[in-house]
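Structure first, commentary second.
All values reported here derive from a predicted model rather than from experimental measurement. First the proteins, then the strands, lettered A, B, ... as listed; each starts at 1. Atom set for the values below is all heavy atoms of this structure, side chains included, hydrogens, waters and symmetry mates excluded.
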Amino acid sequence: MWQRDGGQLFKKNFFFSFCVKRAVLRCLFVHFLLHSSYQLFVINPSFLCFRPALLREQHYQYLKKGLRHLSDAYECLDASRPWLCFWILHSLELLEEPIPTAVASDVCQFLARCQSPTGGFAGGPGQHAHLAPTYAAVNALCIIGTEEAYNVINREKLLDFLWSVKQPDGSFVMHVGGEVDVRSAYCAASVASLTNILTPKLFEDTTNWILSCQNWEGGLSGVPGLEAHGGYTFCGTAALVILGKEHMLDLKALLRWVVSRQMRFEGGFQGRCNKLVDGCYSFWQAGLLPLLHRALFKEGESELSRQRWMFEQQALQEYILLCCQNPAGGLLDKPGKSRDFYHTCYCLSGLSIAQHFGNMDLHHEMILGKEENRLAPTHPVYNICPEKVSQALQHFHRLPVPYENNPRSSHPTGRPSVEMRAGV
Amino acid sequence: MFFFYTVVLPPVLLDSTVNVKHLFIVLIGCILKVQPPKPLAKDRKEWADLEPVPQDDGPNPVVKIAYSEKFSDVYDYFRALLKNDERSDRAFALTAEAIELNAANYTVWHYRRVLLQALSKDLREEMRYITAIIEEQPKNYQVWHHRRMVVEWLNDPSEELEFIADILSQDAKNYHAWQHRQWVIQEYKLWDNELKFVENLLEDDVRNNSAWNQRHFVISHTTGFSDPAIVEREIQYCLSQIRKAPHNESAWNYLKGMLQDRGLSSPPGLLERVLELKETHCSPYLLAFLFDCYEDALENSNQKENVGEEERKDILRKALEICDLLANEKDTIRKEYWLFLGRSLENKSGSRGPSDKPPEPSDPASGQQEMS
């Protein structure tokens with residue numbers, strides 16, 4: 001187990017081997033004494049018995065408060081406030097905590113103020129539209145799922161915005177005058193498919209551009225040429241699933257890359273080869289396995305498991321529950337880091353993926369610890385609950401695809417693709 | 001700062017009762033950029049004509065940030081400038097203040113670029129500015145994009161490779177830095193010294209996956225991987241790095257990644273060299289590579305007639321043995337994956353019919369299951 005090949009890898013793995021795994025429980029205890037998370041053991045005997053508990057109440061209070069008020073430490077996210085709405089609302093929906101009607105309405109009105117007059121959503125009122133807060137805003141509104149929420153979105157202007165950031169080579173810039181990377185394709189495909197404004201012309205050449213991001217490692221990079229990275233791999237793959245083109249990837253190479261990102265000692269996932277574990281990759285990386293499972297199934301793969309994803313679900317749940325919870329509420333990257341709403345969202349999303357196998361037809365649960373640890377299932381493409389995806393698609397598919405005010409487009413056919421229907 | 005250095009500091013330094021401890025405090029203060037506080041915009045004469053625009057969060061705000069007084073002040077005036085589309089030096093100066101408070105505000109950066117052009121600002125000075133900002137906040141998207149724009153406008157990449165090297169010396173895996181580096185090299189054709197740069201980085205840390213990626217980037221855009229001499233050189237390089245650090249996944253991934261299009265069994269003697277390494281430098285990555293070699297050999301044997309049925313069966317047996325070994329002993333975290341690969345390979349090779357396949361681990365097919 002302790003191969004002495006010298007150097008940084010040995011030291012890093014040794015440090016994080018403290019984190020998890022029954023065989024090193026003693027080391028785990030010592031490690032936690034060095035970090036504030038030792039409180040988890042002192043206060044909560046369930047951890048010592050290795051039946052870790054999800055600190056539901058603490059997370060709920062943290063999220064409830066954050067949805068209204070945030071300290072000045074969040075000034076750095078002043079251009080990402082729709083993200084804060086999404087991270088918090090999604091966390092609450094995973095915890096199956098209802099959103100009070102008044103709060104939901106307030107979120108709708110706030111996001112309406114974040115919508116740009118030229119289409120798309122911005123990081124805050126008065127800012128310019130950007131694909132990332134657009135993705136977050138649309139997702140947040142779909143989580144709320146009321147008529148009021150759906151009506152916030154100006155679909156015609158949203159389509160104009162998407163055209164305004166589309167590039168000739170098939171990629172999208174994140175905002176007018178901004179940078180290109182594969183996140184933009186995912187954000188665009190996600191909002192376009194959910195709100196039924198997607199036309200083939202809009203994503204012409206996007207498939208080929210995304211495919212050019214798959215590299216020698218088997219994963220995808222942010223732009224062609226760079227290192228394979230969990231966040232970008234998720235974005236590229238999920239975008240292709242939405243476009244119905246995921247079979248054009250080298251699925252076997254991608255599968256090998258992503259399963260190799262699970263850390264054998266820590267149980268969580270790393271973002272890139274030879275880097276450290278991080279709780280948020282519990283979603284970006286592990287979330288790829290449901291996508292690949294479905295893709296391989298569609299390609300005729302007959303040997304897929306009918307009970308498990310192709311990653312160690314128990315180990316991931318252990319990492320999240322034992323190493324990524326702040327005793328005062330909120331989740332985090334790894335022990336020693338501070339909590340934040342981004343990590344709360346993605347650690348919980350990853351926990352949900354690890355707990356739930358299958359889709360509506362075939363469902364198998366593996367809940368580590370108490371039954372109370374169970375989270376709601378999440379849709380691996382959009383990362384909102386599957387019912388909310390269906391509901392949104394149903395609502396928006398009754399509406400016609402807007403006519404595009406763009407010289408580069410032709411009149412839309414308004415025919416939704418089969419892939420946009422809900423369900424894995 | 002001027003006030004501090006000319007009025008406050010000299011008496012402190014000249015005072016004979018000042019000792020090392022005092023000087024230490026002053027030094028720390030300078031490092032932490034202790035400055036007399038700058039007055040708020042609303043209290044400055046030069047802004048008197050402009051009515052600040054408070055943020056419109058609505059009557060019942062959500063995710064409401066408790067901005068500091070300084071933050072609200074700067075952004076209230078920024079919003080006013082934006083509303084009027086004011087193109088002035090004071091607007092330009094304010095963007096710097098806004099950026100300092102939140103360097104991720106892409107609206108401010110966009111506006112700054114508009115002003116840079118409208119006011120014909122000195123782009124060399126802007127390069128100095130963006131250099132300093134990136135040094136402070138190297139993991140921010142906007143700062144790197146801004147730098148790229150300025151470099152494009154100047155059409156001058158001459159500082160880039162050295163600057164990026166400096167950022168990488170602080171964090172050798174900074175994704176933005178590598179992205180910028182690849183853009184500069186490709187745009188301005190600066191390939192010449194990059195392989196050497198990569199090799200130096202790999203000397204520092206042979207596990208730096210970003211450096212391995214850059215190696216692939218440089219070679220694929222220059223000599224390419226078709227030339228057998230290049231392939232052999234790279235194989236040698238990989239194997240020598242593997243001997244030094246057998247559990248370095250990057251080196252194994254690079255070896256496979258480089259060869260996979262042409263087939264892992266194509267370089268002569270590679271399988272034998274890896275089997276040799278297995279004795280003394282074994283790792284889950286070596287075993288996975290062996291599996292890949294066997295799988296590749298099986299796939300190619302479909303086309304070749306000189307591979308007999310016996311040989312095929314033998315290769316298949318070895319491949320499945322490795323799957324089992326990895327799933328059950330050497331790489332158990334990936335057990336589900338290795339079991340799948342084994343089943344998939346068996347099924348493809350047709351040695352066992354689908355009805356004969358080994359049963360899955362016994363769990364009920366549906367319903368909840370608590371894990372102890």
Side-chain angles (χ1 to χ4, degrees), chain A residues 3 5 7-9 66-72 74-76 78-79 81 84-85 106-107 109-110 113 125-128 130 175 177-179 216-217 222-223 225-227 229 259-260 262 264 272-275 301-308 310-312 314-315 363-368 371, chain B residues 55-58 60-68 71 79 82 101-102 104-107 110 113 141 145 173 175 178-179 182 205 207-210 213 216-217 245-250 253-254 257-258 260 331 333-337 340 343-344 347 354 360 363 365-371:
Chain A
Q3 293 295 331
D5 61 358
Q8 292 170 333
L9 182 68
L67 191 51
R68 282 292 179 196
H69 298 287
L70 298 161
S71 73
D72 63 0
Y74 277 86
E75 283 176 351
C76 60
D78 187 45
R81 291 173 69 201
L84 288 159
C85 294
D106 292 341
V107 174
Q109 286 173 55
F110 172 70
R113 284 168 205 275
Q127 298 176 29
H128 291 168
H130 185 297
H175 62 98
E179 72 276 13
W216 57 274
E217 300 174 78
V223 296
L226 284 171
E227 204 182 350
H229 179 294
V259 301
S260 302
Q262 187 167 21
R264 65 169 58 94
R272 302 180 248 169
C273 182
N274 273 333
K275 287 207 79 179
E301 182 56 63
S302 57
E303 303 306 315
L304 291 164
S305 168
R306 293 156 77 126
Q307 292 170 3
R308 295 190 174 93
M310 279 186 275
F311 72 93
E312 237 286 19
Q314 180 180 336
H363 189 208
H364 182 95
E365 291 180 2
M366 301 171 87
I367 316 289
L368 179 67
E371 163 58 18
Chain B
Q55 184 160 269
D56 182 21
D57 264 11
N60 304 311
V62 291
V63 294
K64 186 173 164 45
I65 300 170
Y67 306 113
S68 69
F71 193 101
R79 278 182 280 272
L82 205 58
L101 292 164
N102 178 19
N105 192 313
Y106 55 90
T107 303
H110 183 265
R113 283 193 285 277
Y141 281 95
H145 180 67
K173 303 183 184 185
Y175 207 85
W178 283 110
Q179 186 167 341
Q182 287 197 353
D205 177 7
R207 293 173 181 84
N208 184 340
N209 197 66
S210 308
N213 180 68
H216 194 279
F217 175 73
H247 287 259
N248 177 12
E249 191 181 344
S250 293
N253 289 350
Y254 183 84
M258 169 184 48
Q260 65 194 359
D331 199 21
I333 192 85
R334 276 164 274 285
K335 179 178 186 148
E336 278 305 315
Y337 171 70
F340 162 72
R343 292 193 302 267
S344 193
N347 188 43
E360 280 207 58
D363 280 323
S366 65
Q368 295 172 19
Q369 182 176 60
E370 259 192 71
M371 302 185 57

Assert top hit (heavy-atom pairs under 4.5 Å, partner chain B, pool Glu217(A), Arg272(A), His229(A), His175(A)) equals Arg272(A)

Using a 4.5 angstrom heavy-atom cutoff, name the option from Leu226(A), Asp106(A), Val223(A) with the most pairs to chain B. Leu226(A)

Side chains of Arg343(B) and Ser305(A): does their closest heavy-atom pair fall under 4.5 Å? yes

Measuring from atom CZ of Arg308(A) to atom CZ of Phe340(B), what distance do you get when rounded to the nearest 0.5 angstrom? 15.5 Å

With Asp57(B), the side chain to side chain donor-acceptor pair (under 3.5 Å) member among Gln109(A), Arg113(A), Arg81(A): Arg81(A)

Largest heavy-atom contact set with chain A, pairs under 4.5 Å, which of Thr107(B), Asn253(B), Asn208(B): Thr107(B)

Tell me if a side-chain donor or acceptor on Gln182(B) pairs with a main-chain N or O of Gly225(A) at a distance below 3.5 Å. yes

Roughly how far, to the nearest 0.5 Å, is CD1 of Ile333(B) from CZ of Phe311(A)? 10.0 Å

What closest approach, in Å, do Ser250(B) and Cys273(A) show between heavy atoms, and which atom pair accounts for it? OG-SG, 3.7 Å

Ranked by heavy-atom pairs below 4.5 Å to chain A, first place among Tyr67(B), Trp178(B), Phe217(B) goes to Tyr67(B)

Exam field: side chain His145(B) to backbone Gly177(A), donor-acceptor pair closer than 3.5 Å: yes

Sort out for me which of Val107(A), Leu84(A), Asp78(A), Leu67(A) touches chain B most, counting heavy-atom pairs under 4.5 Å. Asp78(A)

Checking Asn274(A) side chain against Arg207(B) main chain: does a donor-acceptor pair fall under 3.5 Å? yes

Counting heavy-atom pairs under 4.5 Å with chain A, the top scorer among Leu101(B), Asn105(B), Val63(B), Asp56(B) is Val63(B)

Under 3.5 Å donor-acceptor, Arg68(A) side chain and Pro61(B) backbone: yes

Can you tell which of His216(B), Met258(B), Gln260(B) has the highest number of heavy-atom pairs within less than 4.5 Å of chain A? His216(B)

Indicate yes or no: does Asp331(B) engage Arg264(A) in a salt bridge with an N to O separation below 4.0 Å. yes

Ignoring hydrogens and geometry, is there a side-chain-to-backbone donor-acceptor pair from Tyr337(B) to Ser260(A) under 3.5 Å? no

Side-chain touch Asn102(B)/Glu75(A), heavy atoms, less than 4.5 angstrom: no

Cut-off 3.5 Å, side chains only: do Trp216(A) and Asn213(B) have a donor facing an acceptor? yes

Apply side-chain contact (heavy atoms from CB on, under 4.5 Å) to residues Gln262(A) and Arg334(B) and explain how you reach the verdict. CA-CA 8 Å; Gln262(A) 187 167 21; Arg334(B) 276 164 274 285; 4.2 Å; yes

Most heavy-atom pairs under 4.5 Å with chain B, out of Gln127(A), Glu227(A), His69(A), belong to Glu227(A)

Report the C-alpha separation of Asp72(A) and Phe71(B) in whole Å, then their side-chain angles, then the decisive distance to 0.1 Å, and conclude whether the side-chain contact (heavy atoms from CB on, under 4.5 Å) test is met. CA-CA 9 Å; Asp72(A) 63 0; Phe71(B) 193 101; over 6 Å; no

